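Naming convention: chains lettered A, B, ... in sequence-line order (proteins, then strands); numbering from 1 in each chain. Keep in mind that what you see is a predicted model, and the values were worked out from it rather than measured.
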2 protein chains.
Amino acid sequence: MVGMEQHGEALWSIGELAAATGVTVRALHYYDSIGLLRATVRTAAGHRRYTEQDLRRLYCIRTLRSLGVPLGDIATALDGAGPGSLQRLLLRQLAALDDQALQLKQLQRTIRELLERISSHGHAEPAYFMTVLERMTMFGNYFTEDQRRELDERRAGLGQEAMEESRTEWAGLVEEGLRQVDAGVPAGSPEATDLVQRWDELGSRFHSSEGTKAAARTMWNENSAELSKALPWTAQQMQALVAHLQAARQHS
Amino acid sequence: MVGMEQHGEALWSIGELAAATGVTVRALHYYDSIGLLRATVRTAAGHRRYTEQDLRRLYCIRTLRSLGVPLGDIATALDGAGPGSLQRLLLRQLAALDDQALQLKQLQRTIRELLERISSHGHAEPAYFMTVLERMTMFGNYFTEDQRRELDERRAGLGQEAMEESRTEWAGLVEEGLRQVDAGVPAGSPEATDLVQRWDELGSRFHSSEGTKAAARTMWNENSAELSKALPWTAQQMQALVAHLQAARQHS
DNA sequence: GGTAGATCCTGACGCCGCGCCAGGTTCAAG
DNA sequence: CTTGAACCTGGCGCGGCGTCAGGATCTACC
């Protein structure tokens, strides 16, 4: 072991440190280069010598890193503001992981649905892929898990009849949207903005406190859920409608 | 809309496709450059024109991508072997996500433990970081969740007395290991390999069916679990021991 | 004190999935 | 014909290292 018994302090070469901690030499080089873990001592020839303090710091770094914390955050937590900064970091990371876990659950459910669809139906038609995509992006971007639960409760509260009614109404809106697309109605026209407004109103029935914005997205979700059950429209029609509504929403 | 009504087919420019699907133009450029989604048509000036087939393919791509599938896998699944390849891909991805979910749970538990430790103890000493790191790397690399459960059951079955006995025995082994380190016993010597063997045997009590290899890792886990409760050794001693054992294991 | 082989150094490119310019060409509308 | 929007290609950048390449330096043995 290099430098043992010198001034009563133990010094490790980079290879020894790597072997002992399981971190690669390259990683240590990298940590040094970004200033996260500089070797306290350098020999005359430029070889790195690590102290026991460095070792302890390395353990902290690797632990946090294995918990998924990015190196930049580790650096600020270890160098920056003293007490409590580590705690705050861990709390943030825990929250981030919670988010990730929820997303993972979403993905797993979606994949299982896709697999069922494939095995029962023989194959997956592209149109179905579209509906899956719709639901995922809408869901992922606009709702937290809590909000999702709230929506489920609200839907349960509305009852079967109201749900059926809304579905018919929604189908009517889609039909009109397609008519507008076919007729070439411009996105800025009153017809189009009116459609968007009724669209959002219908959505707002399923959502109260959070306002119309999120409600519109809810409607999109109902949308794709319905589509997955019965697909009376082609992919091309749907994409045209999507584009039309998006454009109209920007104009209004 | 570009190219509408031409030969009865609809063609989209790259910007239109981007707006309609929510994919950025840059991403489409990238997909084109890696051959994942080439624009079927190019105008004389080199501008991309996408067909409805391209649109459908894009929906598939984005769906799989949002499910976490890497682009390379998507390409092989869409272009490669026909029926069943998609199903296999999804099954693989599902398995991968299951793994991720388990790892996430591990991480969350570990962070919560760390937080408890910090809040009850005022701060976290570096030595504790080391034990956390040990458990994580050992656990993460060598055990599946099922194996973990099996281990927990086995430990419960052994009873308190046997557990206590094993702990004392283990402490003895650590003491001897430290003696060897202090005395400079080489890793290839019979003393060292004998220590490793007894170490693994002790571990094998906690693990039957999977063999000694995994059992040794179990022992490592006990190791750090004990350390977290009472730390009679310094970080430096532990790291030296770890290195010694690793080296001896390679020699035997 | 010479030499071999292990270890060390710095510097550079590669990975993935794009984001984000820069500088030039082409399109659609008035 | 002009203007501004859309399009093109090509290049750098991120994070966290892995993986060479080419050279300097260490340790051990004769």
Side-chain angles (χ1 to χ4, degrees), chain A residues 1-4 6 11-39 41-50 58 61-76 93 96 137 186 188 243 247 250, chain B residues 1-4 6 11-39 41-50 58 61-76 93 96 137 184 186-188 243 247 250:
Chain A
M1 186 162 299
V2 167
M4 204 68 169
Q6 190 181 17
L11 292 180
W12 289 274
S13 76
I14 195 170
E16 288 163 351
L17 191 62
T21 61
V23 182
T24 65
V25 171
R26 180 64 180 99
L28 292 174
H29 276 164
Y30 182 62
Y31 295 163
D32 201 337
S33 76
I34 64 172
L36 175 58
L37 178 67
R38 312 218 104 108
V41 186
R42 288 269 193 155
T43 69
H47 288 194
R48 295 169 177 82
R49 289 293 117 102
Y50 291 90
L58 179 56
I61 291 171
R62 289 310 296 182
T63 302
L64 293 175
R65 191 58 265 238
S66 69
L67 294 175
V69 182
L71 294 183
D73 293 5
I74 296 178
T76 57
Q93 186 63 16
T137 56
Q250 280 183 357
Chain B
M1 186 163 300
V2 167
M4 203 69 169
Q6 190 181 15
L11 292 180
W12 290 275
S13 77
I14 194 170
E16 287 164 349
L17 190 62
T21 60
V23 182
T24 64
V25 172
R26 180 66 180 96
L28 291 174
H29 276 164
Y30 182 62
Y31 295 163
D32 200 338
S33 76
I34 64 172
L36 175 58
L37 178 67
R38 313 216 104 108
V41 186
R42 287 269 194 155
T43 69
H47 288 195
R48 295 170 178 82
R49 290 294 118 99
Y50 290 90
L58 180 56
I61 291 170
R62 290 310 295 182
T63 302
L64 292 175
R65 197 42 245 158
S66 69
L67 293 175
V69 182
L71 294 183
D73 293 5
I74 296 178
T76 56
Q93 186 63 16
T137 56
Q250 280 182 359

Exercise. In whole Å, what is the span from the CG atom of B:Leu17 to the P atom of D:dC7?
Worked result: 10 Å

Exercise. Hey, what bend do you get for the helix from C:dG1-D:dC30 to C:dG30-D:dC1 if you fit axes on five pairs at each end, rounded to 10°?
Worked result: 20°

Let me have the donor-acceptor pairs involving side chains of residues 22-30 of chain A, under 3.5 Å, with sequence neighbours excluded, atom names and distances please.
residue, atom, partner, partner atom, Å
A:Thr24, OG1, A:Ala27, N, 3.1
A:His29, NE2, A:Arg48, NH1, 3.3

Exercise. Does the side chain of A:Arg42 get closer than 4.0 angstrom to OP1 or OP2 of C:dT10 through an N or O atom?
Worked result: yes

Problem set entry | Which residues share a side chain to side chain contact (heavy atoms under 4.5 Å, CB included) with B:Ala96, sequence neighbours left out | none

For this session: Take atom NE2 of B:His29 and atom C1' of C:dC18, then tell me their distance rounded to the nearest Å.
Result: 13 Å

Exercise. On DNA chain D, nearest-nucleotide positions of A:Ala44 versus A:Leu28: which is more 5'?
Worked result: A:Leu28

Exercise. At under 4.0 Å, does any side-chain N or O of A:Arg49 touch on OP1 or OP2 of C:dC8?
Worked result: no

For this session: Would you please confirm or rule out a distance under 4.0 Å between OP1 or OP2 of D:dC7 and any side-chain N or O of B:Ser13?
Result: yes

For this session: Hey, could you give me the CD1/CG distance between A:Ile74 and A:Leu67, rounded to the nearest 0.5 Å?
Result: 8.5 Å

For this session: Give the minimum heavy-atom separation between A:Val69 and A:Asp73, together with the two atoms involved.
Result: CG1-CB, 3.7 Å

Seminar exercise, completed: Winner on side-chain proximity to A:Leu71, out of C:dC18, D:dG16, D:dT9, is D:dG16

Problem set entry | B:Leu36 CG to B:Leu71 CG distance, which is reported to the nearest 0.5 Å | 6.0 Å

For this session: Provide, to the nearest angstrom, the distance between the OH atom belonging to B:Tyr31 and the C1' atom belonging to C:dG17.
Result: 8 Å

Exercise. Can you tell me how far CD of A:Glu16 sits from CG of A:Leu11, rounded to the nearest 0.5 angstrom?
Worked result: 9.5 Å

For this session: Could you tell me the separation between the CD atom of A:Glu16 and the C1' atom of C:dA6, rounded to a whole number of Å?
Result: 13 Å

Exercise. With distance as the sole test, does A:Arg38 use its side chain to make a donor-acceptor pair with the main-chain N or O of A:Asp32 at under 3.5 Å?
Worked result: yes

Exercise. Could you state the CD1-P distance from A:Ile14 to D:dT25, rounded to the nearest angstrom?
Worked result: 17 Å

Exercise. Atom CH2 of A:Trp12 and atom P of C:dT7: how far apart are they, to the nearest Å?
Worked result: 19 Å

For this session: May I ask you to evaluate whether B:Arg48 reaches the phosphate of D:dC8, defined as a side-chain N or O under 4.0 Å from OP1 or OP2?
Result: yes

Any N/O pairs under 3.5 Å between the protein and nucleotides 21-26 of chain C? List them or say none.
none

Exercise. Please give, in whole Å, the distance from C:dC16 P to B:Arg65 CZ?
Worked result: 11 Å

Exercise. Taking CG from B:Leu11 and C1' from D:dA6, how many angstroms apart are they, rounded to a whole number?
Worked result: 17 Å

For this session: Output all residues satisfying side chain to side chain donor-acceptor pair (under 3.5 Å) with B:Tyr50, sequence neighbours left out; order by chain, then residue number.
Result: none

Exercise. What distance separates B:Leu37 CG from B:Leu17 CG, expressed to the nearest 0.5 Å?
Worked result: 7.5 Å

